[in-house]
Structures are given as structure tokens and as C-alpha cells.
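Numbering of ligands and ligand atoms starts at 1, following listing order.
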Amino acid sequence: MTRPPVVVAGGGLAGAAFAACLAVRGTPVTVLERTAVPGAGEAEALAPGVHAVLSGLGLSGRVHEAGFARGEVSVLGWGNGEEPWRSAFAETGGIDHGYHVCLGALVELLLQRAGECGARVVRGAEVIEPVTDGGRVTGVVVHTAGQTETLPARLVADATGTARVVAGRFCAAEPDPLSHRVFRAVAPADATTEQGAFVLEGAPGEWHWRIPLAGGVVGLGRLVPGGGGDAGGDDGERWRGYRCARLAGAGWLSVGDAAGLADPAFLDPATVALLAAQAAASAVPVLCGDEAEEAARGYMDCYAPVVECARAFAAFCLDPARHGENTETLLRGFTAFAAGEHGGALARIRAALAGHRPLFDVEYPLGPLVASLAMPER
Ligand SMILES: Cc1cc2nc3c(=O)[nH]c(=O)nc-3n(C[C@H](O)[C@H](O)[C@H](O)COP(=O)(O)OP(=O)(O)OC[C@H]3O[C@@H](n4cnc5c(N)ncnc54)[C@H](O)[C@@H]3O)c2cc1C
């Protein structure tokens with residue numbers, strides 16, 4: 001009898017990358033994506049660490065051909081009247097650019113690559129719930145084209161974002177006390193647009209960002225802390241971060257926003273989702289093996305600090321107390337954060353975002369499992 005495939009619930013950024021990473025290694029994988037038609041997606045800035053995933057998938061050339069805009073500089077203004085902080089990737093001694101993309105185009109590229117390598121990608125397929133046997137996830141119930149069926153799986157990856165259709169059965173998300181409202185738009189570039197620069201700026205009571213895209217347009221965003229969650233008003237996207245006490249178990253794992261949500265602006269969540277998907281794909285052999293419970297614990301031990309750090313960092317940066325602080329005070333705060341409980345994870349995330357190392361290696365009973373996809377030349 002042939003072994004069932006790894007099933008990926010959700011074909012967004014994390015699910016598409018996870019599936020492609022498995023497919024290029026010849027692992028049978030099925031992606032179940034609820035939406036029937038690919039969406040254009042929003043403008044997002046991807047850090048240089050994205051090259052580690054793209055090159056491992058053999059997609060570097062195609063991304064270049066697709067003409068995604070290069071992201072070369074990150075500009076962070078604190079709304080304190082001082083010069084914004086500028087960080088040119090070329091000056092960090094690593095890879096000199098990331099990309100500014102319409103998310104949908106990148107997701108399609110990843111799904112296409114997964115399909116080329118043998119993955120089955122099913123659109124219009126809504127995962128309803130996991131199927132369990134003796135506490136182990138053995139498949140999913142899926143609704144496709146008016147029919148509901150059970151699909152067996154050797155492992156189920158929950159990449160359904162905030163829906164958490166599989167992970168939610170094993171642990172509820174714990175929402176952050178703070179919530180936001182996010183507004184996004186695309187506009188023609190103008191004289192103030194600095195090509196290649198992701199600009200994030202604090203203003204009284206809100207944050208703004210600009211992501212110059214290819215084709216002379218800019219993705220604009222506005223985040224209003226305290227304006228989301230269940231608060232009044234119905235415009236914009238509601239945003240409330242959360243943490244999850246469990247990120248994996250026997251027969252399942254979660255990756256991307258399904259594993260935890262911080263904020264859209266700080267610490268490059270989309271790149272973190274891609275890098276986590278790459279590391280998670282490396283963990284699949286042990287997660288499917290005899291030591292599945294142990295491997296699941298190892299996966300959580302490695303991934304949870306990343307999620308926790310992202311949430312703590314977002315809380316630190318979005319704290320209204322930051323607004324108007326001068327550079328000296330801000331730097332003191334950052335130094336204290338980096339020396340605190342999340343310092344190790346922060347250093348690791350930043351190294352991964354710069355393309356210097358994998359986001360995490362999975363510890364399991366036989367030792368660390370190092371992400372084995374090729375890292376780019378530096
Ligand atoms: C306003 C905003 C701005 C952002 N800007 C940036 C940025 O500039 N830079 C950055 O790094 N990050 C940014 N992010 C964050 C980034 O978009 C996310 O972290 C990333 O896209 C998460 O990907 P994901 O695949 O985990 O989740 P999602 O993108 O949410 O994908 C989940 C997928 O699962 C599917 N799905 C859901 N339920 C089911 C089901 N039951 N069955 C089957 N499929 C299902 C959905 O249709 C979707 O395709 C932003 C996010 C937001 C909201």
C-alpha cells in the first residue's frame with residue numbers, strides 16, 4: 001500500500017513554500033487551498049533571507065524574470081523629529097537585497113514550482129477538520145466541489161493562517177491584549193517615493209508604511225494601534241495578535257500565521273513565514289517517524305521562541321511610550337530588549353532575515369536536525 005501524502009491545509013505564503021520545499025525533495029504532498037482563484041495579494045516587503053528559500057527551490061532566476069522590485073534599504077522613522085534610521089542591506093555584509101512583491105504573484109510562483117515537482121495543488125478545497133486516530137492526526141475532512149471527503153495524510157501541516165483549522169482543534173489561540181486596525185492601498189509612485197526603500201514611520205497614534213513595487217506603483221499601509229479587535233468601526237482590516245501553546249503534535253504541525261501572529265510591520269513576518277516553512281519542511285521526516293511526539297516537542301522548542309520574540313518585539317515597538325522618544329532612549333530600550341529573555345531569538349531571527357542561517361533547526365532525540373536546503377553563496 002502506498003503511503004498517504006503530506007497534506008498542507010492552506011496554500012498561502014507559508015503553505016505554498018512548505019509544499020514546494022517538500023516537493024523538490026520528492027516527498028508526496030497535497031495542498032488544499034480554500035480559494036478557487038488566485039488573488040493578487042497585497043504589497044509586502046521581503047528581507048534578503050528570502051533568497052535562502054528561493055535558491056533552495058530553484059526559483060531565483062524566475063523571480064528575477066518576474067521583475068519583482070528589489071528592496072535594498074529599510075527606513076524606520078520614530079516620529080520624534082529626528083532623522084529616520086536607515087539600513088542598507090549591502091552594508092550589513094550579507095545579501096544586498098530582498099524583494100517588494102505583490103504577495104499573490106509570489107504564492108503562485110511557489111505553488112507552480114510545487115506542482116512542477118509533483119505536488120498536487122487543489123484549489124476550491126476547504127479543510128473542515130482534522131481526522132484523528134488514537135490522538136494522532138491521520139488525515140483531514142475536506143469539502144471540494146460540493147463533496148465532502150476524508151483525505152488520509154502521513155502528516156498534516158496547518159498553514160491556514162488565522163483560521164487555524166487543524167491547530168485550533170488542539171489548542172485555542174490566546175489573543176494579545178492589544179489590537180490594531182490596518183488600512184492598505186496601492187497608489188502611483190510620486191516624487192517622495194524612494195525606489196528600493198521600505199519606509200515605516202511612526203506618527204501620533206499610528207504607523208505608516210510605503211513599499212515601492214515594480215510598475216511605478218507603491219503599496220501603502222496604515223496601522224492604527226488600539227483600533228482593531230472587536231472595537232467599533234467597520235473599515236480597515238482588524239488585527240489582533242495571538243500566541244498558541246502548541247505548534248505541533250503527533251501527525252500535525254502549524255506554520256506561518258497559524259503558529260502565531262505578531263504584527264504586519266516589524267521583523268518581516270512574511271519572510272519569517274517563508275523561512276519557518278523551509279525549516280518545517282526539513283523536520284517532516286522526523287515528524288513522520290517513530291519519535292513523532294519527541295520531534296513535535298523539538299519543533300515547538302525551536303519555533304515557539306521565534307513567535308514569542310516577534311510578539312514581544314511588536315509590543316515593544318508599537319508601545320505608545322516609544323512615540324517621541326529620542327534615539328538615545330530608543331537605543332537603550334533596544335539594548336535592554338536584546339539583553340532580555342528574547343535576545344537569543346532576536347539575534348537568530350535577524351541572522352535568518354539577513355540570509356546568514358536557517359531560522360531554526362529542529363531538535364529531536366537524535367540531535368539537531370539542520371535545515372538541509374542549500375543556503376545561497378555569500
Ligand atoms: C495588512 C498586512 C500587511 C502585511 N505586510 C507585510 C509586509 O510588508 N511584510 C511582511 O513581511 N509581512 C507582512 N504581512 C504579514 C504576512 O502577510 C503574513 O505573515 C503571511 O502572509 C502569512 O502567510 P500564511 O501563509 O501563514 O497565512 P495566510 O496568508 O493567511 O494564508 C492562509 C491560507 O489558508 C487558506 N485557508 C484558510 N482557511 C482554509 C481552510 N479551511 N481550508 C483551506 N484553505 C484555507 C487561505 O485562503 C489562505 O490562502 C502583512 C500582513 C497584513 C495582514
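The residue A47 has no part lying near ligand 1, judged by heavy-atom distances below 4.0 Å. Neither the backbone nor the side chain of A16 comes within contact range of ligand 1; no heavy atom lies under 4.0 Å. At a 4.0 Å heavy-atom cut-off, ligand 1 touches V127 through backbone and side chain alike.
Closest approach of L330 and R322 over heavy atoms only: CD2-CD, 3.9 Å. The shortest heavy-atom contact between G161 and D257 is CA-CB, 3.8 Å.
Under 4.0 Å is where a charged nitrogen must lie from a carboxylate oxygen, and between E44 and R184 at least one such pair does.
The closest approach between any non-hydrogen atom of E126 and ligand 1 is below 4.0 Å. Note on ligand 1: A265 sits outside its first shell, no heavy atom being nearer than 4.0 Å. The shortest heavy-atom distance from A45 to ligand 1 is under 4.0 Å. Within the structure, ligand 1 lacks F198 among the residues with a heavy atom less than 4.0 angstrom away. In this structure, V142 has no heavy atom closer than 4.0 Å to ligand 1. The shortest separation from a heavy atom of A9 to ligand 1 is not under 4.0 Å, leaving the residue out of contact.
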